[in-house]
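The chain is numbered in sequence order, starting from 1.
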Amino acid sequence: MTDTGTQNLLESAWWQGVKAVEGRFATRNWLNRNHPVQYDAVLAMGKAAGAMALGADDALEDGFTGLVITKYGHVTAELSRRPHLTVFESAHPTPDQSSLQSGQMAREFVQSRGSEDRLLVLISGGASALVENLMPHVELGDLQSINEFMHASGWDIGRMNSLRRSLSQVKGGRLLSTFSGRHIDVLAISDVPGDDISVIASGIGSPFLVKDELSPLPEQFAHLQRSVRNQEHDESSRYTHNVTIIGSNAVARAAAADFLTAQGRAIRCNAETLYADVFEVAATLAETLRQGPEGAYIWGGEPTVKLPQSPGQGGRNQSLAMAMACELGDQSDVAVLVAGTDGNDGPTDAAGALICPAELDLSDAPVYLQAANAYPWLKAQNALFISEPTGTNVMDLVVALKTAPP
């Protein structure tokens with residue numbers, strides 16, 4: 001896809017952004033600079049949990065026990081060789097029975113801490129599906145149906161997590177409210193707008209109870225909302241706590257921009273604005289590229305996608321790349337890389353796509369787009385971008401290059 005030099009530059013810039021917020025690097029660096037005492041226990045949850053746990057292990061002295069809950073396929077051989085770390089794999093993006101098992105494990109791990117213990121909690125995106133302990137009146141099937149409904153309806157992450165919190169005994173501050181030790185440090189890699197710990201992973205790492213105004217649900221789910229029983233919570237916590245965001249989309253974008261500047265490319269845009277429907281985002285970005293001067297353009301965030309009744313194979317980044325290609329048409333002076341910083345885009349092996357619109361056969365692209373079936377189309381065009389799991393998750397990153405006209 002596109003000439004090798006441009007492709008390499010785009011991929012290198014994207015990777016520089018991702019590496020700046022990689023879980024092991026970010027966790028180790030923060031602990032080496034800041035941790036004043038030894039921790040007795042480490043709890044890591046999310047798609048970057050394995051990398052973050054290794055970062056903690058690099059920086060801390062021996063003597064702590066750890067529980068690591070991450071996505072299927074995200075456990076490395078190095079992580080498995082750490083005998084003091086219990087590693088459990090769970091499901092994402094759709095929770096399953098393993099999600100309930102991991103939620104029970106997390107609760108027992110936190111509740112078993114002694115009165116003088118210091119706990120390090122490592123949070124990254126994905127833990128909403130990976131770790132769950134449902135309210136007594138909610139069944140796994142209910143949760144799966146609600147998740148399917150929210151994704152298909154194009155709900156944004158804040159609205160999704162508000163509902164998830166209301167149905168959970170571990171989200172929204174409920175997990176850490178059961179801690180009876182002395183101190184908690186929460187380190188988080190943010191995959192949400194505003195980097196709010198009450199929203200990241202539905203607030204599973206929040207040290208305070210999150211109180212939501214719930215969005216109305218369709219009638220088939222309304223009985224769950226009516227029967228929500230909020231747990232009692234002591235607002236004057238027995239323990240002290242600190243929350244630190246150690247990785248975010250802003251950090252990743254800044255690192256990508258620094259790299260491209262060093263390569264002699266002027267940065268024309270660096271913004272976190274991908275917060276609308278994927279087709280609306282595509283039109284806005286394409287217009288910016290059409291009208292803007294030559295140089296580098298960087299965007300971050302997480303667009304939404306409304307799925308058809310029987311969606312095909314793909315993810316929001318692949319859909320965004322295809323939609324941008326359709327908007328740009330035969331424009332030959334633009335190349336764009338669109339990818340999820342966690343290395344995942346929907347239930348596929350791709351992180352996203354790398355496109356040069358003028359090199360694509362766009363004749364049947366709209367049909368595939370409307371069917372949410374971007375993956376086979378991009379694969380046939382040799383435009384998929386595959387990275388494998390990256391050890392982080394700070395939403396999506398778009399890097400585009402516009403060259404001077406011939």
Thr65-His84 side chain donor-acceptor pair, cut-off 3.5 Å: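 Note: Thr65 and His84 side chains miss the donor-acceptor criterion.
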Arg28 side chain to Asn32 side chain, donor-acceptor N/O pair below 3.5 angstrom: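 Absent: no donor and acceptor within the cut-off.
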To the nearest 0.5 Å, what is the distance between [atom1] on [X] and [atom2] on [Y]?
X	Y	atom1	atom2	value
Leu401	Leu337	CG	CG	9.5 Å
Ile204	Arg164	CD1	CZ	11.5 Å
Leu143	Leu100	CG	CG	7.5 Å
Asp142	Met135	CG	CE	14.0 Å
Arg182	Asp117	CZ	CG	9.0 Å
Ser90	Glu132	OG	CD	10.0 Å

Presence of salt bridge, Lys71 and Glu89, under 4.0 angstrom: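 Here Glu89 does not pair with Lys71 in a salt bridge, since their nearest N and O are not under 4.0 Å apart.
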Salt bridge Glu287-Arg290, side-chain N to carboxylate O under 4.0 Å: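 Salt bridge present between Glu287 and Arg290.
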Verify, without hydrogens or angle tests, whether [X] (side chain) and [Y] (backbone) share a donor-acceptor contact under 3.5 angstrom.
X	Y	answer
Thr178	Leu175	yes
Ser202	Ser128	no
Asp342	Gly391	no
Ser102	Leu130	yes
Asn344	Ala351	no
Thr244	Ile246	no
Gln16	Ala255	no
Arg165	Ser198	yes
Asp345	Gln318	yes
Arg174	Ser168	yes

Trace of the side-chain hydrogen bond (donor to acceptor under 3.5 Å, both in side chains) decision for Gln97 with Gln101: CA-CA 6 Å; Gln97 194 61 42; Gln101 186 177 347; over 6 Å; no
Give me the atom names and distance for the closest heavy-atom approach of [X] to [Y].
X	Y	value
Ala252	Val21	N-CG1, 4.0 Å
Asn393	Gly126	ND2-N, 4.1 Å
Gly23	Ile189	CA-CD1, 3.7 Å
Ile197	Gly205	CG1-O, 3.9 Å
His92	Ala129	CD2-CB, 3.9 Å

Steps toward side chain to side chain contact (heavy atoms under 4.5 Å, CB included) verdict (Arg118, Gln38): CA-CA 8 Å; Arg118 294 176 181 269; Gln38 181 64 14; over 6 Å; no
Aromatic ring proximity Tyr239/Phe179, centre distance under 6.0 Å: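 Yes; Phe179 has its ring centre under 6.0 Å from that of Tyr239.
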Trp15 ring center near Phe259 ring center (under 6.0 Å):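 When the ring centroids of Trp15 and Phe259 are compared, they turn out to be at least 6.0 Å apart.
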Decide yes or no for [X] and [Y]: does some side-chain heavy atom of the first lie under 4.5 Å from some side-chain heavy atom of the second?
X	Y	value
Thr392	Phe25	no
Val398	Leu274	yes
Ser124	Met45	no
Asn8	Thr6	no
Asp57	Arg24	no
Gln169	Leu134	no
Val186	Asn242	no
Thr27	Asp58	no

Atom CG of Asp62: over 12 foreign heavy atoms under 6.0 Å: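 Not more than 12 within 6.0 Å, no.
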Crowding at CD, Glu148 (>12 non-hydrogen neighbours, <6.0 Å):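 Atom CD in Glu148 is not crowded, with 12 or fewer foreign heavy atoms closer than 6.0 Å.
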Parallel, tilted or perpendicular: ring planes of Tyr297 versus Trp299, cut at 30 and 60 degrees: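 Tyr297 and Trp299: parallel rings.
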Step-by-step salt bridge (charged side-chain N to carboxylate O under 4.0 Å, His left out) determination, Glu302 to Arg316: CA-CA 8 Å; Glu302 194 171 286; Arg316 64 176 177 268; 3.0 Å; yes
Residue pair Asp40, Leu119: steps toward the side chain to side chain contact (heavy atoms under 4.5 Å, CB included) verdict: CA-CA 6 Å; Asp40 301 285; Leu119 174 65; over 6 Å; no
Derivation and outcome, side-chain hydrogen bond (donor to acceptor under 3.5 Å, both in side chains), residues Asn29 and Arg33: CA-CA 6 Å; Asn29 281 7; Arg33 292 194 307 267; 5.3 Å; no
Trace of the salt bridge (charged side-chain N to carboxylate O under 4.0 Å, His left out) decision for Glu22 with Lys19: CA-CA 5 Å; Glu22 191 272 331; Lys19 288 176 181 177; over 6 Å; no
Candidate pair Val75 and Val68, rule side chain to side chain contact (heavy atoms under 4.5 Å, CB included), full reasoning: CA-CA 10 Å; Val75 177; Val68 182; over 6 Å; no
Ring-face cation of Arg107 near Phe109 (centre distance under 6.0 Å, axis angle within 45°):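 No - Arg107 does not lie over the ring of Phe109 by the 6.0 Å and 45° rule.
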Audit row: Tyr39, Asp185, side-chain hydrogen bond (donor to acceptor under 3.5 Å, both in side chains) steps and yes/no: CA-CA 9 Å; Tyr39 296 99; Asp185 277 317; 2.4 Å; yes
Test side-chain hydrogen bond (donor to acceptor under 3.5 Å, both in side chains) applied to Gln313 and Asn373, step by step: CA-CA 5 Å; Gln313 188 180 15; Asn373 197 27; over 6 Å; no
Verdict with reasoning, Glu294 to Lys402, per salt bridge (charged side-chain N to carboxylate O under 4.0 Å, His left out): CA-CA 5 Å; Glu294 63 177 290; Lys402 184 174 183 179; over 6 Å; no
Worked verdict on Ser177 versus Leu209 for side chain to side chain contact (heavy atoms under 4.5 Å, CB included): CA-CA 8 Å; Ser177 73; Leu209 188 66; over 6 Å; no
